There are 4 protein chains.
Amino acid sequence: MLIHVDPGDELAIYDQIVRQIKFAIANGIVLPGELVPSVRELAKQAAVNPNTVARAFRELQIEGVLETVRGTGLAVTKAAPKRCRSDRLELIRVRLRAVLHEALQSQLETAEIRQITDEELSRLHELATHTPRNGSRE
Amino acid sequence: MLIHVDPGDELAIYDQIVRQIKFAIANGIVLPGELVPSVRELAKQAAVNPNTVARAFRELQIEGVLETVRGTGLAVTKAAPKRCRSDRLELIRVRLRAVLHEALQSQLETAEIRQITDEELSRLHELATHTPRNGSRE
Amino acid sequence: MLIHVDPGDELAIYDQIVRQIKFAIANGIVLPGELVPSVRELAKQAAVNPNTVARAFRELQIEGVLETVRGTGLAVTKAAPKRCRSDRLELIRVRLRAVLHEALQSQLETAEIRQITDEELSRLHELATHTPRNGSRE
Amino acid sequence: MLIHVDPGDELAIYDQIVRQIKFAIANGIVLPGELVPSVRELAKQAAVNPNTVARAFRELQIEGVLETVRGTGLAVTKAAPKRCRSDRLELIRVRLRAVLHEALQSQLETAEIRQITDEELSRLHELATHTPRNGSRE
DNA sequence: GTGGTCTAGACCACC
DNA sequence: GTGGTCTAGACCACG
């Protein structure tokens, strides 16, 4: 499970980690009972401070997505996949709603908004296609 | 020119004000040479701290959208409308791009994203229709 | 609102703060809408690191007991008193239950347990009476 | 001598084992000179890591409750029963005191505390009666 | 090895 | 002034 963090993002680093782990669980990349990467390991991989990772994990623990296995690590709970799947949609939806609200408020027409959305989607799609996983083609 | 501020929004209050003023200028609600409301007046109307309004105005001055008219107040510059019109699209676009990026990264399909967008748009549209501008019909 | 922290306690410092603030709210020492002491102030008063206080506050915020007032501080929510009152009993009850469970498991008789409880209660009561608030008589 | 461990308990697993062994000795379930179960056996029975059991035994050796019998195992010392009997009360007392202290500090009345104690005691007693030792009646 | 806690100090955004 | 985030580094308990 790889986590990529963008320090320039509007979201806090710990929140980016929280979300990406939820997405990974929602998509079955880690299964219930399995351990997520250790704090130190994930911190090294994502090049952030271990405390920041720990904070993300704490949040996930409070939400019941992860549980500690004493002296062993953090495991995905049984209830996590279901919760993460519904969370995934909601997390996106909330952010999207805020942006669309502002767009409408700024007098943009619905048609214009749809067009911009499509433009951005295809731009992102292209980007993803040309730099498959690690940007090796760059 | 009415400003509505949502303290719960992810955007800072001063930023919400900045953006709404730009939108108003882009849409010709205030024209070049016209004065924007005073700090105190706008602060009262939007129920925020005067310092916050001042901060927003300072930002707009730096960007060349507003200019001081000695002893009178702040006026919309001649160059403002054009700049604000192009800004408007870009401001929305940047926020939208970030959300769409996360959506794709979370393995949502393009089709799903379009569907959610449409759902949210119609929900917001309905909301706007039923509580026109200030909720006076309630 | 004074917070006293015991570094030797089995409970983490941040948890002691969380609990004491809940107790203060439950007992009406701070009312809804009022601000709790600032992070820096409480940190100084209780002689702990500001981060530790911040962590306690974050926890209380997640639980809906406190809410941020941007740039101003943290306020007690409207729903807090009710929640804290019921929490108070539950927090105590859970700890008490664990101890009593161990006592019974160790073959202590119910009567003995009651007796120890009474002994400890009166000892604590005495202690509190003789060192009223700040131990000035010492 | 059966050991039951609760991973969710606030006490460390090794500490739960230490305490239960002391209780067993205090109650004469194992007598001086008798061997306690081997690390491996106890680990299997309680479903915990052998290291954890070893840690508990080490602790008990340091306290002079157990002693090694070369090539044979760990035996209860002659001095153990007396020490464990007095320990038993003290171990319980210390935990109980901490909880009662917090209860008083939270402004609960002595009478209320006694009532909660009785409620919890009878609840635990009932539970114990209905699922005698190992839940065989279920 | 693991996570949990705490300290210290820095920087930022907001009001 | 306020809270929020992040880094760095330390120590502890657990397995």
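Order of the sequence lines fixes the chain letters, A, B, ..., with proteins taken first and strands second; residue numbering starts at 1 for each chain. Computed from a predicted model, the values in this text were never measured in an experiment. The figures here come from the full heavy-atom set of this structure, side chains too, leaving out hydrogens, waters and symmetry mates.
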Enquirer: So what does A/Asn51 hit on the nucleic acid, given a heavy-atom distance under 4.0 Å: a base, only sugar-phosphate, or nothing?
Expert: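 If one applies the 4.0 Å heavy-atom cut-off, A/Asn51 turns out to touch a base.
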Enquirer: According to side-chain contact (heavy atoms from CB on, under 4.5 Å), who are the partners of C/Leu31, at least two apart in sequence or on a separate chain?
Expert: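 Listed in chain order: C/Glu34.
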Enquirer: Can you list every salt bridge (Lys or Arg N to Asp or Glu O under 4.0 Å) pair that touches residues 44-61 of chain D, not counting sequence neighbours?
Expert: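 Of all non-adjacent pairs touching residues 44-61 of chain D, those that pass salt bridge (Lys or Arg N to Asp or Glu O under 4.0 Å) are D/Arg55-D/Glu59.
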Enquirer: All N/O contacts under 3.5 Å from nucleotides 12-14 of chain F to the protein, with atom names and distances to one decimal?
Expert:
residue: F/dC14; atom: OP2; partner: D/Tyr14; partner atom: OH; Å: 3.3

Enquirer: Under 4.0 Å from any heavy atom of chain B: name the first and the last nucleotide of DNA chain E that qualifies, 5' to 3'.
Expert: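 Footprint of chain B along DNA chain E, 5' to 3': E/dC14 to E/dC15.
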Enquirer: Not counting sequence neighbours, list each pair that qualifies as a salt bridge (Lys or Arg N to Asp or Glu O under 4.0 Å) and has a residue in residues 21-32 of chain A.
Expert: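 Every pair satisfying salt bridge (Lys or Arg N to Asp or Glu O under 4.0 Å) with a residue in residues 21-32 of chain A: A/Lys22-A/Glu63, A/Lys22-A/Asp87.
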Enquirer: Under the side chain to side chain donor-acceptor pair (under 3.5 Å) test, which residues partner A/Asn27, sequence neighbours left out?
Expert: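 A/Asn27: side chain to side chain donor-acceptor pair (under 3.5 Å) contacts with A/Arg88.
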Enquirer: Which residues within residues 57-65 of chain A lie with some heavy atom under 4.0 Å of an atom in DNA chain F?
Expert: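 Result for residues 57-65 of chain A: none.
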Enquirer: Going by side-chain contact (heavy atoms from CB on, under 4.5 Å), name the residues that satisfy it together with D/Thr72, two or more places apart in sequence or in a different chain.
Expert: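 Residues passing side-chain contact (heavy atoms from CB on, under 4.5 Å) with D/Thr72: D/Leu35, D/Val69.
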Enquirer: Applying side-chain contact (heavy atoms from CB on, under 4.5 Å), can you list everything that pairs with C/Pro50, at least two apart in sequence or on another chain?
Expert: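 side-chain contact (heavy atoms from CB on, under 4.5 Å) list for C/Pro50, sorted by chain: C/Val39, C/Ala43.
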Enquirer: According to side-chain contact (heavy atoms from CB on, under 4.5 Å), who are the partners of B/Gln61, at least two apart in sequence or on a separate chain?
Expert: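 B/Gln61 satisfies side-chain contact (heavy atoms from CB on, under 4.5 Å) with B/Leu66, B/Thr68, B/Leu74 once adjacent residues are dropped.
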Enquirer: For DNA chain F, which ranges pair as stems of 3 or more consecutive Watson-Crick or G-U pairs, with both donor-acceptor distances under 3.5 Å?
Expert: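 The stems are E:1-14 with F:1-14.
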Enquirer: Run the side-chain donor-acceptor check on residues 92-103 of chain B: report pairs under 3.5 Å with partners two or more places apart or on a different chain.
Expert:
residue: B/Arg93; atom: NH1; partner: A/Glu119; partner atom: OE1; Å: 2.9
residue: B/Arg93; atom: NH1; partner: A/Glu120; partner atom: OE2; Å: 3.0
residue: B/Arg93; atom: NH2; partner: A/Glu119; partner atom: OE1; Å: 2.9
residue: B/Arg95; atom: NH1; partner: A/Glu102; partner atom: OE1; Å: 3.0
residue: B/Arg95; atom: NH2; partner: B/Glu10; partner atom: OE2; Å: 2.7
residue: B/Arg97; atom: NE; partner: A/Glu120; partner atom: OE1; Å: 2.8
residue: B/Arg97; atom: NH2; partner: A/Glu120; partner atom: OE2; Å: 3.4
residue: B/Glu102; atom: OE1; partner: A/Arg19; partner atom: NH1; Å: 2.7
residue: B/Glu102; atom: OE1; partner: A/Arg95; partner atom: NH1; Å: 2.9
residue: B/Glu102; atom: OE2; partner: A/Arg19; partner atom: NH1; Å: 2.9

